[in-house]
Amino acid sequence: MLEECRLPYVVRPIDITRGAQFEPSFLAISPNNRMPAIVDPDGPGGRPISVFESGAILQYLGRKTGKLYPADERGRVEVEQWLMWQMGGLGPMAGQAHHFRHYAPEPVPYGIDRYTNECHRLYGVMNRRLADRPFLAGRYSIADIACVGWASRHERHGQDLAEFPHVRRWLETLLARPAVQRGLAVRADDVAAVDMRDPAVQAVLFGQRARG
């Protein structure tokens with residue numbers, strides 16, 4: 001979204017494999033100790049503002065720039081329902097499929113089947129939606145931006161896009177956009193270098209409980 005809107009930004013890496021997400025300075029920005037989170041030094045009234053949760057960030061940037069987020073209520077509702085669909089469905093379910101298919105210390109057939117099948121259902125929903133329109137809300141929007149990162153990893157959550165030709169066309173269209181390519185490339189080498197099966201990494205990332 002930052003690349004699409006041509007907004008300047010500085011990347012501040014948070015090493016989640018070492019527990020940097022639990023440091024007070026980051027929790028002040030993202031109380032849920034998750035990425036992404038942003039700080040806009042030129043927020044409302046010219047004062048800094050921090051925003052966490054990807055959906056809230058996309059909405060904020062859409063309002064700030066007037067781009068990829070309609071101003072009219074009917075158009076905005078069309079975008080928001082698919083943004084919420086990603087936040088409540090595609091993202092969490094694909095994340096669980098990733099976990100059980102690739103990160104679990106030992107295979108859990110029920111978990112693998114449960115989340116792979118739910119991802120399959122969600123891809124079906126998206127495929128039907130895209131059968132008669134180029135993008136999820138008709139025009140390219142923050143709803144598409146919210147979904148493209150997950151869909152680009154369809155193989156990792158057990159989905160074959162040959163079954164979903166409209167999703168495949170949509171994904172190819174998005175991945176051809178220079179701004180999407182630049183955004184997905186940000187620190188990609190650092191991410192690829194992390195061994196998610198390392199017990200020390202898993203001890204930090206998985207099995208978290210409430211903190212005081």
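What's counted below: heavy atoms across the whole structure, side chains too, no hydrogens, waters or symmetry copies.
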Chemist: Of all residues at least two apart in sequence or in a different chain, which pass the ring pair (Phe, Tyr, Trp, His ring centres under 6.0 Å) check with His166?
Modeler: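 Applying ring pair (Phe, Tyr, Trp, His ring centres under 6.0 Å) to His166 gives none.
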
Chemist: How far apart are the closest heavy atoms of Ile49 and Pro44, and which atoms are they?
Modeler: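 Taking every non-hydrogen atom into account, CG2-CD, 3.8 Å.
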
Chemist: Does Asn127 reach the main-chain N or O of Val167 with its side chain, forming a donor-acceptor pair under 3.5 Å?
Modeler: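 Here the side-chain-to-backbone pair exists.
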
Chemist: Under 4.5 Å between side-chain heavy atoms, counting indirect links through other Ile/Leu/Val/Met/Phe/Trp/Tyr residues: same cluster for Leu122 and Ile112 or not?
Modeler: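 Same cluster.
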
Chemist: What about Phe52 and Phe22, same hydrophobic cluster or not, with Ile/Leu/Val/Met/Phe/Trp/Tyr joined at side-chain heavy-atom distances under 4.5 Å?
Modeler: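 Shared cluster, no.
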
Chemist: Working note: Leu61 + Ile38, criterion side chain to side chain contact (heavy atoms under 4.5 Å, CB included); need CA distance, chi angles, decisive distance, verdict.
Modeler: CA-CA 10 Å; Leu61 294 175; Ile38 67 169; 4.3 Å; yes

Chemist: For His98, check ring pair (Phe, Tyr, Trp, His ring centres under 6.0 Å) against everything at least two apart and list the hits.
Modeler: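 So His98 forms a ring pair (Phe, Tyr, Trp, His ring centres under 6.0 Å) with Trp150, His157.
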
Chemist: Verify side chain to side chain contact (heavy atoms under 4.5 Å, CB included) between Val125 and Arg128, making sure each step is shown before the conclusion.
Modeler: CA-CA 5 Å; Val125 171; Arg128 291 192 300 274; 3.5 Å; yes

Chemist: Using modelled atom types only, decide if a donor and an acceptor are shared between the side chain of Glu155 and the backbone of Asp160 within a distance under 3.5 Å.
Modeler: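 A pair under 3.5 Å: no.
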
Chemist: Give the table of side-chain donor-acceptor pairs shorter than 3.5 Å for residues 134-147, with sequence neighbours excluded, one pair per line with atom names and distance.
Modeler:
from   : atom 1 : to     : atom 2 : distance (Å)
Tyr140 : OH     : Glu4   : OE2    : 2.7
Ser141 : OG     : Ala143 : N      : 3.2
Asp144 : OD1    : Leu136 : N      : 3.1
Asp144 : OD1    : Trp170 : NE1    : 2.8
Asp144 : OD2    : Ser141 : N      : 3.0

Chemist: Using a side-chain heavy atom cutoff under 4.5 Å and only I, L, V, M, F, W and Y, what cluster partners does Val39 have?
Modeler: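 ILVMFWY cluster around Val39 also holds Ile29.
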
Chemist: Would you please test Val79 and Tyr69 for side chain to side chain contact (heavy atoms under 4.5 Å, CB included) and show each step?
Modeler: CA-CA 7 Å; Val79 169; Tyr69 191 26; 4.1 Å; yes

Chemist: Is any side-chain heavy atom of Arg34 closer than 4.5 Å to one of Gln21?
Modeler: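 A side-chain contact under 4.5 Å is absent here.
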
Chemist: Indicate yes or no for a side-chain donor-acceptor contact from Arg76 to the backbone of Pro70 under 3.5 Å, with no hydrogens or angles considered.
Modeler: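 Here the side-chain-to-backbone pair exists.
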
Chemist: Considering all heavy atoms of both residues, which atom of Pro13 and which atom of Arg187 are nearest to each other, and what is their separation?
Modeler: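 Closest heavy-atom pair between Pro13 and Arg187: CG-CZ, 3.3 Å.
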
Chemist: If you group Ile, Leu, Val, Met, Phe, Trp and Tyr by side-chain heavy-atom gaps below 4.5 Å, do Val11 and Met35 land in one group?
Modeler: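 Each belongs to a different hydrophobic cluster.
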
Chemist: So, using salt bridge (Lys or Arg N to Asp or Glu O under 4.0 Å) as the criterion, who are the partners of Arg12 when residues are at least two apart?
Modeler: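 Partners of Arg12 by the salt bridge (Lys or Arg N to Asp or Glu O under 4.0 Å) criterion come out as none, since no residue qualifies.
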
Chemist: Over all heavy atoms of both residues, which pair between Asp42 and Asp40 is shortest? Give the atoms and the distance, please.
Modeler: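 Minimum heavy-atom contact is N-OD1, 2.9 Å.
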
Chemist: Indicate yes or no for a side-chain donor-acceptor contact from Arg133 to the backbone of Arg129 under 3.5 Å, with no hydrogens or angles considered.
Modeler: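 Checking the backbone N and O of Arg129 against the side chain of Arg133, a donor-acceptor pair under 3.5 Å is found.
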
Chemist: Side-chain contact, heavy-atom cut-off 4.5 Å: Glu163 with Tyr123?
Modeler: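 Glu163 does not reach Tyr123 side chain to side chain.
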
Chemist: Do Met126 and Leu175 sit in one hydrophobic cluster, given that two such residues count as connected whenever their side-chain heavy atoms are within less than 4.5 Å of each other, even indirectly?
Modeler: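 Yes; tracing contacts between hydrophobic side chains, which count when under 4.5 Å, links both residues.
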
Chemist: Under a single-linkage definition using a 4.5 Å side-chain heavy-atom cutoff for Ile, Leu, Val, Met, Phe, Trp and Tyr, are Leu27 and Ile57 assigned to the same hydrophobic cluster?
Modeler: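 Different clusters: Leu27 never reaches Ile57 through Ile, Leu, Val, Met, Phe, Trp or Tyr contacts under 4.5 Å.
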
Chemist: With no hydrogens and no angle check, is any side-chain donor or acceptor of Ser30 less than 3.5 Å from a backbone partner on Phe26?
Modeler: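 Such a contact is absent between Ser30 side chain and Phe26 backbone.
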
Chemist: Checking Glu118 against Arg121 for the salt bridge (charged side-chain N to carboxylate O under 4.0 Å, His left out) test, could you report, in this order, the C-alpha distance in whole Å, the side-chain angles of both residues, the deciding distance, and whether it holds?
Modeler: CA-CA 5 Å; Glu118 179 61 7; Arg121 186 189 72 80; 2.8 Å; yes

Chemist: Let me see the working for Gln59 and Glu80 under side chain to side chain contact (heavy atoms under 4.5 Å, CB included), right down to the final yes or no.
Modeler: CA-CA 9 Å; Gln59 289 176 309; Glu80 287 177 341; 3.6 Å; yes

Chemist: Between Asp72 and Gly75, is there a donor-acceptor pair closer than 3.5 Å when you use the side chain of the first and the backbone of the second?
Modeler: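 Pair found, side chain donor or acceptor close to backbone of Gly75.
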
Chemist: Only pairs under 3.5 Å count here: list side-chain donor-acceptor contacts from residues 83-93, not counting sequence neighbours, and write none if there are none.
Modeler:
none

